[in-house]
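Only one structure is covered here, and it is reproduced in the block below.
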Amino acid sequence: MTKIAVDLMGGDNAPKAIEEGIIQAADTFEDIEILAFGIPGSYSGNHPRVTFIEVTEKIESEDDPVKSVRRKKDSSLVRAVKAVADGQADAIVSAGNTGAIMSAGLFGVKRIKGIERPAITTMLPTTSGKGMLMLDMGANSENKPNHLLQFAQMASVYMENIEGRKNPSIGLINNGSEEIKGTELTKETYQLLKHSGLNFHGFFETRDILTGDVDIAVTDGFTGNVVLKTIEGTSSSLLGEVKKIMLKNPVNKLAALAMKKDFAELKNMLDYRQFGGAPLMGLQGNVIKAHGSSDATAIVNAVKQAKIMADSGTIDKIKDLIGEDNE
């Protein structure tokens, strides 16, 4: 039985959507138990495999990440992370403050020895249908070449163990495909990846992200976060404009009706909820960051991802590959 700790108070739609999601997850997966951490009144269910654990505090989205984690020891996030650190849970899921989740993870379960910086990973939808893993998505604003090399190494382990892709291909995000282009960071990282033994395919331009030409796209946290927000905004705006056009007049409405199934498939392809949460790679415990605006469906998929991560032994395999004992 896999035990998942869940922060009921994190996210734009907490606690209602989180509660709905964990109950659906418990109904869907018969081999999980959920420890739900929340303030009084945040959980009203009675599922036999969901245990509500009452706390007195919650971390707000506008709270300073480091200060809030240090001061709010009885918050739902800190207590949920502590459950993983103490071995009471196998993974933790939260849709809350990204910085606070990262800080709680670093202070609670801590980094894998030998990993210089943890990274937030996200599976992006692609037109090929298989998806592409991208990191870092915002755990670090600035990075060094060796950080990006470790990101690539961790992502390779993840893709082999979670997605079943042997020898996954890696691209380094840059402003051009030529080896001479880019910043000092990208050019130095290029050389590290070129001689790393990984399946490195060279520089990768962001215009190719949705085609999924590589399995993994590596970049610094600032760039990754900008790319992610741009994709989310573009997708939302594009779908909104398509909807307006389809409802513009009776003829378009008839066409929309005929293509309803096709539009649904397009919407699903771009739907972040289908990809669950974003694992914080490089920590000694399984910490999953769900989207801030997660609804019940997104929480179900985040819990599913947490279970897969916990059952796969990915963290132990990252330790074996690049942990301090192997340096």
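Neither side chain, N161 nor S312, offers a donor N or O lying under 3.5 Å from an acceptor on the other. Side-chain contact annotation: S76 with D7, donor-acceptor N/O pair under 3.5 Å present. No side-chain donor-acceptor contact under 3.5 Å links S169 and N199. No side-chain donor-acceptor contact under 3.5 Å links D208 and T211.
The distance from atom NZ of K82 to atom NZ of K73, rounded to the nearest 0.5 Å, is 10.5 Å. Atom CG of D295 and atom CG of D12 lie 11.5 Å apart (nearest 0.5 Å). Rounding to the nearest 0.5 angstrom, the gap separating the CD1 atom in I4 from the CD1 atom in I92 is 10.0 Å. The CG atom of L172 lies 12.5 Å from the NZ atom of K187; values are rounded to the nearest 0.5 Å. Atoms CG and CG, from L124 and L133 in turn, are 8.0 Å apart once rounded to the nearest 0.5 Å. Here the OG1-CE distance, from T122 to M137, works out to 4.5 Å after rounding to the nearest 0.5 Å.
Exactly one of M132, H201, E163, K130 qualifies for a side-chain contact (heavy atoms from CB on, under 4.5 Å) with D215. That residue is K130.
Not counting sequence neighbours, the partners of K72 by the side chain to side chain donor-acceptor pair (under 3.5 Å) test are D63. When the side chain to side chain contact (heavy atoms under 4.5 Å, CB included) test is applied to N286, the partners found at least two apart in sequence or on another chain are A91, M309, A310, I315. Not counting sequence neighbours, the partners of E178 by the side chain to side chain contact (heavy atoms under 4.5 Å, CB included) test are I180, K181. Judged as a side chain to side chain contact (heavy atoms under 4.5 Å, CB included), and not counting sequence neighbours, the contacts of N146 are E116, L149, Q150. Taking the side chain to side chain contact (heavy atoms under 4.5 Å, CB included) definition, one finds that L35 meets it with F37, T51, I53, A89, sequence neighbours left out.
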Discussion item. Would M123 and M159 count as a side chain to side chain contact (heavy atoms under 4.5 Å, CB included) here? Give the steps.
Written reply: CA-CA 10 Å; M123 186 66 79; M159 291 299 272; 3.9 Å; yes
Discussion item. Determine whether Q284 and K319 satisfy the following criterion, side chain to side chain contact (heavy atoms under 4.5 Å, CB included), listing intermediate values before the conclusion.
Written reply: CA-CA 9 Å; Q284 294 196 59; K319 289 179 181 178; 3.7 Å; yes
Fill in: Derivation and outcome, side chain to side chain contact (heavy atoms under 4.5 Å, CB included), residues D27 and H47
CA-CA 9 Å; D27 284 336; H47 196 287; 2.9 Å; yes
Worksheet item: Can you list the steps and then say if K16 with E19 is a salt bridge (charged side-chain N to carboxylate O under 4.0 Å, His left out)?
Response: CA-CA 5 Å; K16 188 174 185 296; E19 178 184 0; over 6 Å; no
Practice prompt. In sequence, state the C-alpha distance, the side-chain angles, and the governing distance for D90 and T2, and then conclude on side-chain hydrogen bond (donor to acceptor under 3.5 Å, both in side chains).
Written response: CA-CA 6 Å; D90 301 300; T2 305; 4.8 Å; no
Practice prompt. Begin with the C-alpha distance, continue with both residues' side-chain angles, and end with the deciding distance and a verdict on side chain to side chain contact (heavy atoms under 4.5 Å, CB included) for Q153 and S196.
Written response: CA-CA 9 Å; Q153 291 171 324; S196 66; 5.5 Å; no
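With hydrogens and angles ignored, the 3.5 Å screen pairs no side-chain donor or acceptor of N140 with any backbone N or O of E142. A donor-acceptor pair under 3.5 Å links the side-chain atoms of T126 to the main chain of G131, judged by distance alone. D136 places a side-chain N or O within 3.5 Å of a backbone atom of I120 that can act as its donor or acceptor partner.
Hydrophobic cluster membership of V226, counting Ile, Leu, Val, Met, Phe, Trp and Tyr whose side-chain heavy atoms lie under 4.5 Å apart directly or via other members: F222.
Residues V93 and I22 form no side-chain contact, since every pair of their non-hydrogen atoms from C-beta on lies 4.5 Å or further apart. Between L135 and I216, the closest side-chain pair of non-hydrogen atoms falls below 4.5 Å. Side chains of E60 and N97 form no contact here, defined as non-hydrogen atoms less than 4.5 Å apart. Inter-residue side-chain proximity for F107 and V66 is flagged as met; some heavy-atom pair is nearer than 4.5 Å. Annotation: side chain of Y158 is not in contact with side chain of I318 (no heavy-atom distance under 4.5 Å). The shortest distance between side-chain heavy atoms of R49 and I34 does not fall below 4.5 Å. Looking at heavy atoms from C-beta onward, K253 lies in side-chain contact with L247 at the 4.5 angstrom threshold. Residues L228 and M134 are not in side-chain contact: their nearest non-hydrogen atoms beyond the backbone lie 4.5 Å or more apart.
Under 4.0 Å is where a charged nitrogen must lie from a carboxylate oxygen, and between K194 and E179 at least one such pair does.
Within 6.0 Å of NZ on K307 lie more than 12 heavy atoms contributed by other residues, nucleotides or ligands. Within 6.0 Å of atom CG in N46, 12 or fewer heavy atoms from other residues, nucleotides or ligands are found, so the atom counts as exposed in its surroundings. The 12-atom threshold is exceeded at CD of E62, counting heavy atoms of other residues, nucleotides or ligands nearer than 6.0 Å.
Cluster membership check: L321 shares its hydrophobic cluster with I170, using side-chain heavy-atom separations under 4.5 Å among Ile, Leu, Val, Met, Phe, Trp and Tyr.
Here the closest non-hydrogen pair linking G96 and I101 is O-CD1, 3.5 Å. Closest approach of E20 to A296, counting heavy atoms only: CB-CB, 3.9 Å. Residue G277 comes nearest to I288 through the heavy atom pair CA-CG2, 3.7 Å, listed as atom of the first residue, atom of the second, then distance. Of all non-hydrogen atoms in P118 and L106, the two that sit nearest each other are CG-CD2, 3.9 Å. In plain terms, the two heavy atoms of V69 and S103 that are nearest each other are CG2-CB, 3.9 Å. Here the shortest heavy-atom pairing between S156 and L198 reads OG-CD2, 3.8 Å.
Between F200 and Y190, the ring planes lie perpendicular to each other; the angle is over 60°, past the 30° to 60° tilted range.
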